[in-house]
Amino acid sequence: MNGRQTMKAKPSPHPPFADTSPMRRRDFLFVATGTAAAVGAALASWPFIDQMNPSADVRAFAVVDVDLAPVAVGQRITVKWQGKPIFIAHRTAEEIARAERDDTAQLRDPARDDERVQRKEWLVVIGICTHLGCVPQGQRPGSLRGEWGGWFCSCHGSVYDTAGRIRKGPAPKNLYLPPYRFVTPTHLRLGEEA
Ligand code: FES
């Protein structure tokens, strides 16, 4: 059994996913080849894992591989991981600078930008508002992003910045970070720690 199959998923630190936003199936960009390969590998390994009597969280664990090569600077994509929308933003230089500038701002849930990214140009967050679980807007070009240029949750008006930090509204926490690592500069693997 390799390390990838034995990794344990962290207990979910966020409220249940309440799909009360207008997000539809087409909002998800499934990176089909990588995702299918990863899920297929996980399924193929099942009999061996089962034989080892893994804990429930290991059985529920899955990895999703994402090919970042086609994602242009400034583009945001959504992939599904463990039933949750994962927002991946290929940040522009301006978005990065804006996030770093606000490291010293008064933040409700203080975190530096470099604590929230592994590579400056890629922000990877769980796309679920930390207030009551709606899916914020801001993924599609032209959608509302709020005054900090990140994401806007129209359920009750929470606004997140380009680091996914909560800046305004009732949400108590920044958008949560999923476990992930870069296998290569353009190959992201969700579900594994760096
Ligand atoms: Fe997002 Fe309430 S669920 S602001």
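Both ligands and their constituent atoms are indexed starting at 1 by order of listing. If you're wondering where the values come from, they're calculated on a predicted model, not measured in any experiment.
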At a cut-off of 2.8 Å, list the protein N/O/S atoms near atom 1 (Fe) of ligand 1, residue plus atom name.
C129 SG, C153 SG
Sequence neighbours excluded, which residues qualify as salt bridge (Lys or Arg N to Asp or Glu O under 4.0 Å) partners of E94?
R101
Considering residues at least two apart in sequence or located in another chain, which fulfil the salt bridge (Lys or Arg N to Asp or Glu O under 4.0 Å) criterion with R165?
D103, D161
Does the distance from C134 SG to C155 SG come in under 2.5 Å?
yes
According to salt bridge (Lys or Arg N to Asp or Glu O under 4.0 Å), who are the partners of R119, at least two apart in sequence or on a separate chain?
none
For the pair R145 (side chain) and G138 (backbone), establish whether a donor and an acceptor sit closer than 3.5 Å, ignoring hydrogens and angles.
yes
No-hydrogen, no-angle side-chain donor-acceptor test under 3.5 Å, Q137 and S154
yes
